Peer 1: 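What follows is a single structure, and I will ask about it in a moment.
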Amino acid sequence: MGQITVKPLGYALGAEVQGVDMRAPLAAEDRKAINAAWLKHCVLVFPGQEALTPEQQIAFAGQFGELDQHASQPPATLHPGHPEILVLTNRQVQGKPSGTRNSGRNWHTDLSYTERPAKGALLLCREKPPVGGDTMFANLTLAYETLTPRIQALIEDLEAVHDASLIKGIEQRDPAIVAEMRNRNPPVAHPLVRVHPETGRKALLIGQRIRGILGLSDEEGAALLNLLNAHAIAPEFVYRHRWSLGDVLMWDNRCTMHVALADFDQSQPRVMHRCSLQGERVTGRILRNPSIADRETLIQAVAAVA
Ligand code: SIN
């Protein structure tokens, strides 16, 4: 193929990459150029990849990290024969509503409900409704860097409890799939602020699948999270992708969150194939019985004042 070109699609994030043959192994310098563009733009769009096979998608993704084998997901949601691919579909699967038919409907960072959130993901659009079915991404590095130093200091050492039960619409899914999701993914605590292993920049790890913040009361945690989430999804920090068939999006999950919009006619098929790259580090710890509010400390503090 020709020269690789990178055209920014948004000021905060998003860029279109042309000149890449995703079916063949990348030359070392091309891999380096794509990785550099990924770090800079956080979300890369590779259009026109309708013909990519599952094997080729997996092989391409594998050039940017270890593939997640999806131990966190019920097997019925994976591609038959290719467990590295999560199938996000609103088509029926084996005569039943699919376990992923309404996936991604609240702001999240992939697999933040596991101890090792994904490094990144590659999502291929296989079928799409005539209009809508868009995905929005927020740049969480910019969101962190534009907080005032006082709020940055406040959140520096705080941990948030991420919970797969808070996936929006999970209750509409097959109860067996939901039970399996919960069993596989007990609540897990992660720092609110993390350091990107390649850029060294700090980013928020937030979203709408967080039950609370350790050491804060439920009310304090909710207020702080609302503030951070509202700040991070300001239009200035967001890129909205309007899909074309055959688009592959590759996002850096270490500094972004996203949401899949339900802005389409649900009787129309929307089918996406996602490979996730395993996170480089374990940043979470499982909390079997999370008690969010540190009420002991609160009670002692009040007693001391009285
Ligand atoms: C996801 O959350 O990974 C799904 C995104 C999408 O279907 O647009």
Side-chain angles (χ1 to χ4, degrees), residues 9 13-14 42-47 49 57-58 61 64-65 67-68 70 72-74 77-79 83-91 93 97-114 116-140 162-164 166-170 172-173 177 181 185 205-210 229 232-233 238-266 268-279:
L9 297 172
L13 71 171
C42 309
V43 178
L44 298 182
V45 183
F46 299 87
Q49 307 296 333
Q57 184 180 355
I58 291 166
F64 294 91
L67 283 159
D68 189 286
H70 291 126
S72 59
Q73 306 301 316
T77 61
L78 305 180
H79 190 292
E84 302 91 338
I85 294 183
L86 178 69
V87 180
L88 301 162
T89 180
N90 60 358
R91 281 189 180 279
V93 175
S98 133
T100 55
R101 72 198 151 92
N102 57 0
S103 285
R105 294 281 192 267
N106 49 6
W107 282 99
H108 65 282
T109 287
D110 286 334
L111 307 185
S112 76
Y113 51 78
T114 71
R116 198 169 174 177
K119 170 181 179 181
L122 284 94
L123 188 65
L124 166 60
C125 178
R126 291 238 172 249
E127 291 186 75
K128 66 171 289 290
V131 284
D134 300 350
T135 309
M136 299 205 298
F137 294 84
N139 183 327
L140 297 180
H162 297 246
D163 189 340
L166 298 176
I167 292 174
K168 189 170 176 192
I170 195 169
Q172 296 161 12
R173 299 186 196 168
I177 298 255
M181 265 308 269
N185 302 293
L205 177 51
I206 50 173
Q208 295 173 325
R209 296 176 179 175
I210 292 180
N229 280 329
I233 61 171
V238 170
Y239 166 69
R240 178 172 183 150
H241 189 67
R242 293 190 163 82
W243 291 91
S244 294
L245 271 189
D247 280 350
V248 172
L249 256 64
M250 172 170 161
W251 62 85
D252 189 340
N253 203 52
R254 300 163 292 184
C255 56
T256 60
M257 62 177 177
H258 58 278
V259 60
L261 303 180
D263 63 338
F264 65 101
D265 174 355
Q266 304 293 318
Q268 300 293 319
R270 183 180 189 273
V271 181
M272 305 287 204
H273 282 184
R274 189 179 93 193
C275 287
S276 299
L277 302 174
Q278 209 171 65

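Quick caveat, the model's predicted, so the values are computed rather than measured. Just follow the structure's listing: the first ligand is 1, and inside any ligand the first atom is 1.
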Peer 1: Can you list everything that forms a side chain to side chain contact (heavy atoms under 4.5 Å, CB included) with H162? Sequence neighbours excluded, please.
Peer 2: S112, A160, V188, H190, L205, I210

Peer 1: Residues two or more places apart in sequence or in another chain: which of them pass side chain to side chain contact (heavy atoms under 4.5 Å, CB included) with T135?
Peer 2: F137, W243, H258, R270

Peer 1: Taking only residues two or more places apart in sequence or in another chain, which ones pass side chain to side chain contact (heavy atoms under 4.5 Å, CB included) with K119?
Peer 2: W38, E198, R254, L277, E280

Peer 1: Anything with a heavy atom under 4.0 Å from ligand 1 counts, so go ahead and list those protein residues by chain and number.
Peer 2: L88, G104, H108, D110, L123, T135, W251, H258, A260, R270, R274

Peer 1: For I233 and M136, run side-chain contact (heavy atoms from CB on, under 4.5 Å): C-alpha distance rounded to whole Å, both residues' side-chain angles, the deciding distance at 0.1 Å, then the answer.
Peer 2: CA-CA 9 Å; I233 61 171; M136 299 205 298; over 6 Å; no

Peer 1: Does the S276 side chain pair with the main chain of D68, one donor and one acceptor, at a distance under 3.5 Å?
Peer 2: no

Peer 1: Testing the basics here: between N185 and T114, what is the closest heavy-atom pair and its distance to 0.1 Å?
Peer 2: OD1-CG2, 3.6 Å

